[in-house]
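First the proteins, then the strands, lettered A, B, ... as listed; each starts at 1. Scope of the values below: all heavy atoms of this structure, side chains included, with no hydrogens, waters or symmetry mates.
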Amino acid sequence: MTSLKSDFLQILTERDFIHQVTDLEGLDAKMAAAEKEGPISAYIGFDCTGTSLHVGSLVQIMMLRWLQKCGHKPIVLLGGGTTRIGDPSGKDESRKLLTDDDIAHNMAGIRTIFDQFLSFGDEPSGATMVNNAEWLDQLGYIDFLREIGTHFTINRMLTFDSVKLRLDREQPLTFLEFNYMILQAYDFMELGKRYNCSLQMGGSDQWGNIVNGMELGRRSAGLSLFGLTTPLITTADGKKMGKTADGAVWLNEESLPAYDYWQFWRNTQDADVGKFLRLFTELPLDEVKRLESLEGAEINDAKIILANEATKMCRGAGAADAAHATAKETFERGGAGSDLPTVAVSAGLFETGINVVDLFIEAGLGASKGEVRRLIKQGGAKLNDVKVDDAEAMVTNSALEGGQIKLSAGKKRHALIKIGE
RNA sequence: GGAGGGGUGGCCGAGCGGUUAAAGGCACCAGACUGUAAAUCUGGCCUCGUAUGAGUACACAGGUUCGAAUCCUGUCCCCUCCA
């Protein structure tokens, strides 16, 4: 492996973050010279269509974190302006146009995530969050076309993968979508001008957009810009990572409790442990090597470390410890950790008694009565770790253990029922 | 604006008057095996009912028929080609 001069690129290379770089040596030299010439700023764009981001964005977030650790300045660009148009790529869903309030709300939610990973502030390496509405909102169409449009040829745009794929497959591509790449290119240039940002990073699908931005910056503003992309992160069986039964694995607590977040990492397949440790934790590489070489049941220890580290970073040490403790209690001792999903019910409920099936639904462990009955029939339902055989059984005060009841659906899904006021 | 094609269960996709709660695949859930892994096997996968069963359901609204996802009419939406 050729050794790089800058810490940042060295780390990224070792940890398999890099898919492509526009000018590795040039960028390396520039970053290595930071001590004399000051840190460089780099940005990654994020969509703000929701109040949270999911693990799919985590690679990018980790890159910004490393960037900051290496003394450079991370810029988080939120697509406030582009979100207002609505991203046309997800064309199966009718795109909803977000109001300004929605967008502001979403941005606030996303900000709380970045607060965990980055340190914001005015110091040279302090992170900043920028909204592209800042410049996009004021764009005049004609001026924009004259200034920016002249730098793009349709011939060239047609050669981009994102466009070509659509055309080859004879799928429609709207004009709006076609313009997206120009707007993204414009973002890069504006960030270069306003924030002296010289590097854009992103997923491998962003390569074309990044390159466009570099060229626009050079031609229109004389900027020297760089681009870097990450590979698409897939699990060992070839799926895009980050999807679970209930959808995305969200990064913020409101969308996904820390316990579930921890569990997501804990349930990583063997074959992915090393990869994930490299990308999503900051453990030293020799430690990662040791952990990923564990075999058989021992690799579970590596998964626990992965879960702890990942959760700590995203949700804080306290949340990670609590999740770990609960998992230990629940899985290793068959008890009930306090961090399990908990549902409070009124005391009166057990005076008269409640049907087990209804109780499971109450606890969120089943969507319909039929589903819970099936679960019981198949032997997957447990109440205080005792298999439930009778779907007609009533649960009364006598089932309470220390004021709570532990319900389990299968081996992994558990919930606590507690008496509330 | 003109011509044509289409909207089926979470997704893909068969069905094209009765034997269709709707083939098949994917995803998902549970069980077995294990290590809270993967792979594999078994069962399940609209709602209500222990179940025979009942109720809803094939874009929406009507109609034809003993009987419709299947035929007809209207509405909405999507796509392709032409202008």
Side-chain angles (χ1 to χ4, degrees), chain A residues 88 90-96 166-174 177 234-249 258-277 291-308 310-311 320 323-337 339-341 355-358 360-361 363-383 385-394 406-415:
Chain A
K91 87 180 168 57
D92 41 333
E93 273 168 54
S94 64
R95 63 187 94 112
K96 31 195 180 301
R166 291 287 191 88
L167 295 180
D168 287 350
R169 273 187 274 158
E170 302 196 342
Q171 282 174 343
L173 176 77
T174 64
E177 209 165 355
T234 53
T235 56
D237 46 8
K239 290 179 199 130
K240 224 169 158 174
M241 82 167 287
K243 297 280 187 221
T244 62
D246 315 307
V249 178
Y259 174 73
D260 294 317
Y261 189 76
W262 194 92
Q263 282 295 324
F264 165 74
W265 294 105
R266 173 60 249 263
N267 283 313
T268 300
Q269 327 176 5
D270 291 6
D272 287 325
V273 171
K275 187 201 264 186
F276 286 2
L277 282 169
L291 290 171
E292 76 177 324
S293 66
L294 292 174
E295 277 179 24
E298 288 200 324
I299 200 161
N300 282 330
D301 296 340
K303 294 184 189 181
I304 289 170
I305 291 173
L306 170 64
N308 280 339
T311 308
H324 184 193
T326 291
K328 212 171 183 175
E329 182 64 33
T330 309
F331 286 96
E332 289 173 27
R333 277 180 229 137
D339 210 26
L340 288 177
N355 177 265
V356 239
V357 175
D358 292 328
F360 269 82
I361 293 175
L365 293 177
S368 70
K369 293 188 177 190
E371 195 179 312
V372 177
R373 282 204 189 87
R374 243 173 268 135
L375 187 72
I376 292 172
K377 210 186 297 171
Q378 298 186 125
K382 288 188 187 147
L383 190 149
D385 299 306
V386 179
K387 197 193 279 180
V388 179
D389 295 309
D390 181 10
E392 290 309 293
M394 298 301 278
K406 178 190 174 197
L407 297 180
S408 314
K411 275 178 286 199
K412 292 190 196 172
R413 291 149 61 218
H414 305 278

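Computed from coordinates, the A:Glu295 CD to B:A38 P distance equals 18 Å when rounded to whole Å. Taking atom CG of residue A:Asp390 and atom P of nucleotide B:G49, one finds them 14 Å apart after rounding to whole Å. Distance CG (A:Leu306) to P (B:A37): 15 Å, rounded to an integer number of Å.
Comparing A:Ala297 and A:Lys382 by the nucleotide of RNA chain B that holds the closest heavy atom to each, the one mapping nearer the 5' end is A:Lys382. Comparing A:Glu371 and A:Gly296 by the nucleotide of RNA chain B that holds the closest heavy atom to each, the one mapping nearer the 5' end is A:Gly296.
Base pairing analysis places B:A54 opposite B:U47; the two distances defining the Watson-Crick or G-U wobble pair are each below 3.5 Å. Base pairing of B:A30: its partner is B:U42, meeting the Watson-Crick or G-U wobble criterion (both donor-acceptor distances under 3.5 Å). For B:G1, the paired nucleotide is B:C82, the pair qualifying as Watson-Crick or G-U wobble because both relevant distances are below 3.5 Å. Across all strands shown, B:C16 forms no Watson-Crick or G-U wobble pair with both distances under 3.5 Å. Partner assigned to B:C76 is B:G7, using Watson-Crick or G-U wobble distances below 3.5 angstrom.
Across B:G13 and B:U47, the matching C1' atoms stand 25 Å from one another, rounded to whole Å. Nucleotides B:U64 and B:C72 have their P atoms positioned 15 Å apart, rounded to a whole Å. Look at the P atom in both B:A69 and B:U75: the space between them is 23 Å, to the nearest Å. Comparing the P positions of B:G6 and B:G55 gives a spacing of 33 Å, expressed to the nearest Å. Comparing the P positions of B:U65 and B:C77 gives an interatomic distance of 31 Å, to the nearest angstrom. Comparing B:C12 with B:G53, their P atoms sit 32 Å apart, to the nearest whole Å.
Here A:His414 and A:Phe331 bring their ring centres to under 6.0 angstrom of each other.
Annotation for A:Lys275: atom NZ counts as buried by contact number, over 12 foreign heavy atoms lying within 6.0 Å.
Of all nucleotides listed (B:G35, B:U50, B:C29), B:C29 comes nearest to the side chain of A:Leu375. Residue A:Gln378 places its side chain closer to B:G43 than to any other of B:G43, B:U47, B:A37. Considering only the side chain of A:Arg413, B:C29 comes nearest among B:C33, B:U50, B:C29. Comparing B:U50, B:G35, B:C45 against the side chain of A:Arg374 picks out B:C45 as the nearest. Nearest to the side-chain atoms of A:Phe331 among the listed nucleotides B:C29, B:U36, B:C45 stands B:U36. If you check B:U34, B:G35, B:U36 against the side chain of A:Ile299, the one that comes closest is B:G35. Distance from the side chain of A:Lys377 is smallest for B:A51 among the nucleotides B:A51, B:U36, B:A30.
Residue side chain A:Gln263 reaches the base of B:U36 through a donor-acceptor N/O pair under 3.5 Å, judged by distance alone.
Taking both residues in full, the closest heavy atoms of A:Ile299 and A:Glu292 are given as CD1-O, 4.3 Å, listed atom of the first, atom of the second, then distance. Residues A:Ala327 and A:Tyr259 approach most closely at N-CE1, 4.3 Å, considering heavy atoms. Nearest approach of A:Val273 to A:Thr268, heavy atoms of both residues: N-CG2, 4.1 Å.
Using a 4.0 Å cut-off, some side-chain N or O of A:Ser368 falls inside it from OP1 or OP2 of B:C48. Between A:Lys412 and the phosphate of B:A37, there is a side-chain N or O to OP1/OP2 separation shorter than 4.0 Å. Between A:Arg373 and the phosphate of B:A51, there is no side-chain N or O to OP1/OP2 separation shorter than 4.0 Å. When the side-chain nitrogen and oxygen atoms of A:Lys303 are compared with OP1 and OP2 of B:G35, none of them lie within a distance under 4.0 Å.
Using cut-offs of 30° and 60° for the angle between ring planes, the A:Tyr261 and A:Trp265 rings count as perpendicular.
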